[in-house]
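First listed ligand is number 1; within each ligand, the first listed atom is number 1.
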Amino acid sequence: MKKHNFSAGPSILPQEVFKEAAQAVLDFNNSGLSILEISHRSKDFVAVMEEARSLALELLGLHGKGYQALFLSGGASMEFVRVPYNLLKQGGKAAYLDTGTWAAGAIKEAKAFGETIVVASSKQDNYTYIPKDYTIPADADYFHCTSNNTIFGTQMQSFPETGLPLVCDMSSDIFSRQLDFSKFGLIYAGAQKNMGPAGTTLIVVKEELLGKTGRQIPGILDYAAHIEKESMYNTPSVFAVYTSLLTLKWLKAKGGIAEIEKANIEKAGILYEEIDRNPLFRGTANTEDRSAMNVTFLLNDDSHTEQFDSLWKAAGISGLNGHRSVGGYRASIYNAMALESVKVLVEVMQQLEKNI
Ligand SMILES: *Cc1c(COP(=O)(O)O)cnc(C)c1O
């Protein structure tokens, strides 16, 4: 039986996408060849890469606005390095908002490239909220933030108005909600949360921001070099890019970000409602900063753990355990998660309440 998969990442993808991707592994485009054995320079794969890059921009509303989309390897963690390499000027400085483990990872890497100012941090409160009162130095080269904190279940509901290039790690909420994406100078997202299999990262960058640091950038780390080679500087992760394209097509057919956002709001709504209503549970994130993608919660009484765990496992739920730094439970309810699966979880929570 197919499980209700609440895993934080790698995570659920639409069932149709799994089927189509599996078929392409056996026979891609009726070519008699697997997607895994064709050249990345073949006409068929070049078309995949072009469509994936174009559709990503289209869904974000960024066509014709000076942006380029890339699908690169190395995971979101690689962008923690590539971003300062490409945007932090020699002798310049960068500003970062510290909202979680991943944000802290990005800050650590930036420090190797120049002065890195942490404008605010919620670390002392185990990242239960998004800091809001902070000043961004006007002379920084860019401001970096993390839109959704996958581990802690918080999500930025608004972004600071700043004249600086806004750089955002959207790994766990890309394509999940409508934003004015043209406010961002650079967006990156590891595929394996809300877009595709692990192995590729989407980078969307405003081209005019590049080439200004005065640094000699090794080709593999240079966004401009990847743009020039149309995201084929070296062999791309062909299967991850192809499967991401299938997910983007699925999203477009569903009505794009506007439609999926409605479904995401409904899913998160019923789950938070149950967490707040059910006396056995409590949420871990500050209410106004709650994430619509990763819902983190605890049992008020640890002695119910065994019973709750056996109930949700028996209901076919998988991947519900919280990250070790928060404990408890984390329900990741990405785009591909059906409302039905969230209802199963809510029913299990209500069942526990009846049993006790
Ligand atoms: C998972 C995650 C990362 C790390 O992604 P990798 O692809 O493993 O490097 C970075 N940022 C956020 C917000 C994440 O959720």
Side-chain angles (χ1 to χ4, degrees), residues 5-13 56 70-85 96-110 112 118 121-123 126-131 143-157 159 166-177 179 181 184 186-205 220-221 236-237 239-241 243-244 247 264 268 284-285 289-296 319 321-326 330-337:
N5 182 15
F6 288 86
S7 167
S11 40
I12 189 172
L13 290 174
L70 298 168
F71 285 87
L72 304 184
S73 303
S77 301
M78 177 64 96
E79 304 325 305
F80 296 170
V81 177
R82 266 196 278 240
V83 163
Y85 224 140
Y96 279 72
L97 182 61
D98 181 20
T99 54
T101 307
W102 299 118
I107 290 164
K108 179 165 173 271
E109 301 294 359
V118 179
S121 171
S122 48
K123 185 171 185 195
N126 203 29
Y127 296 119
T128 45
Y129 69 98
I130 306 273
F143 172 70
H144 180 286
C145 56
T146 310
S147 54
N148 186 71
N149 298 284
T150 325
I151 293 173
F152 301 95
T154 62
Q155 188 171 28
M156 293 178 76
Q157 310 301 341
F159 294 85
L166 194 52
V167 176
C168 192
D169 176 358
M170 294 195 187
S171 292
S172 50
D173 67 353
I174 187 94
F175 301 120
S176 72
R177 58 173 172 169
L179 293 173
F181 294 99
F184 296 86
L186 193 150
I187 295 164
Y188 61 93
Q192 73 274 18
K193 308 284 166 49
N194 206 23
M195 185 173 69
T200 193
T201 309
L202 171 66
I203 294 113
V204 173
V205 58
I220 192 76
L221 299 177
S237 304
F239 185 69
V241 174
T243 308
S244 296
T247 314
N264 288 336
T284 68
D289 301 321
R290 281 172 164 179
S291 167
M293 294 277 100
N294 309 98
V295 177
T296 50
N321 286 319
H323 189 272
R324 61 189 175 282
S325 54
V326 180
R330 170 173 52 169
S332 298
I333 51 175
Y334 298 120
N335 284 355
M337 168 71 60

List the atom of [X], the atom of [Y], and the distance in Å for their closest heavy-atom pair.
{"X": "Pro131", "Y": "Asp98", "result": "CG-O, 4.5 Å"}
{"X": "Asn264", "Y": "Ser176", "result": "ND2-O, 3.1 Å"}
{"X": "Gly190", "Y": "Ala76", "result": "N-CB, 4.0 Å"}

Under the 6.0 Å and 45° cation-pi test, does Lys193 pair with Trp102?
-> yes
Out of Gly9, Ser73, Ala76, whose heavy atom is nearest to atom 6 (P) of ligand 1?
-> Ala76
Among Phe80, Phe159, Tyr96, Phe184, find the residue that satisfies the ring-ring contact (aromatic ring centres under 6.0 Å, His included) test when tested with His144.
->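 When ring-ring contact (aromatic ring centres under 6.0 Å, His included) is applied between His144 and each of Phe80, Phe159, Tyr96, Phe184, only Tyr96 qualifies.
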Provide, to 0.1 Å, the distance between [atom] and the closest protein heavy atom, together with that atom's residue and name.
{"atom": "atom 2 (C) of ligand 1", "result": "Lys193 NZ, 2.5 Å"}
{"atom": "atom 9 (O) of ligand 1", "result": "Ser77 OG, 2.6 Å"}
{"atom": "atom 11 (N) of ligand 1", "result": "Asp169 OD2, 2.6 Å"}
{"atom": "atom 3 (C) of ligand 1", "result": "Trp102 CD2, 3.5 Å"}

Numbering the atoms of ligand 1 from 1, which are under 4.0 Å from a heavy atom of [X]?
{"X": "Asn148", "result": "13 (C)"}
{"X": "Gly75", "result": "7 (O), 9 (O)"}
{"X": "Phe80", "result": "10 (C)"}
{"X": "Gln192", "result": "5 (O), 6 (P), 7 (O), 8 (O)"}

So do the side chains of Asn149 and Tyr127 get within less than 4.5 Å of each other, counting heavy atoms only?
->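 When only atoms from C-beta onward are counted, Tyr127 and Asn149 do not touch, as no gap falls below 4.5 Å.
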Do any nitrogen or oxygen atoms of Thr150 come within less than 3.5 Å of a nitrogen or oxygen of ligand 1?
-> yes
Compute the minimum heavy-atom distance from Gly190 to ligand 1 and say whether it is under 4.0 Å.
-> no
Exercise: do Asn148 and Ser291 side chains pair donor with acceptor under 3.5 Å =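 Yes, a side-chain donor-acceptor pair sits under 3.5 Å.
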Any luck finding a side-chain donor-acceptor pair between Asp173 and Gln155 under 3.5 Å?
-> yes
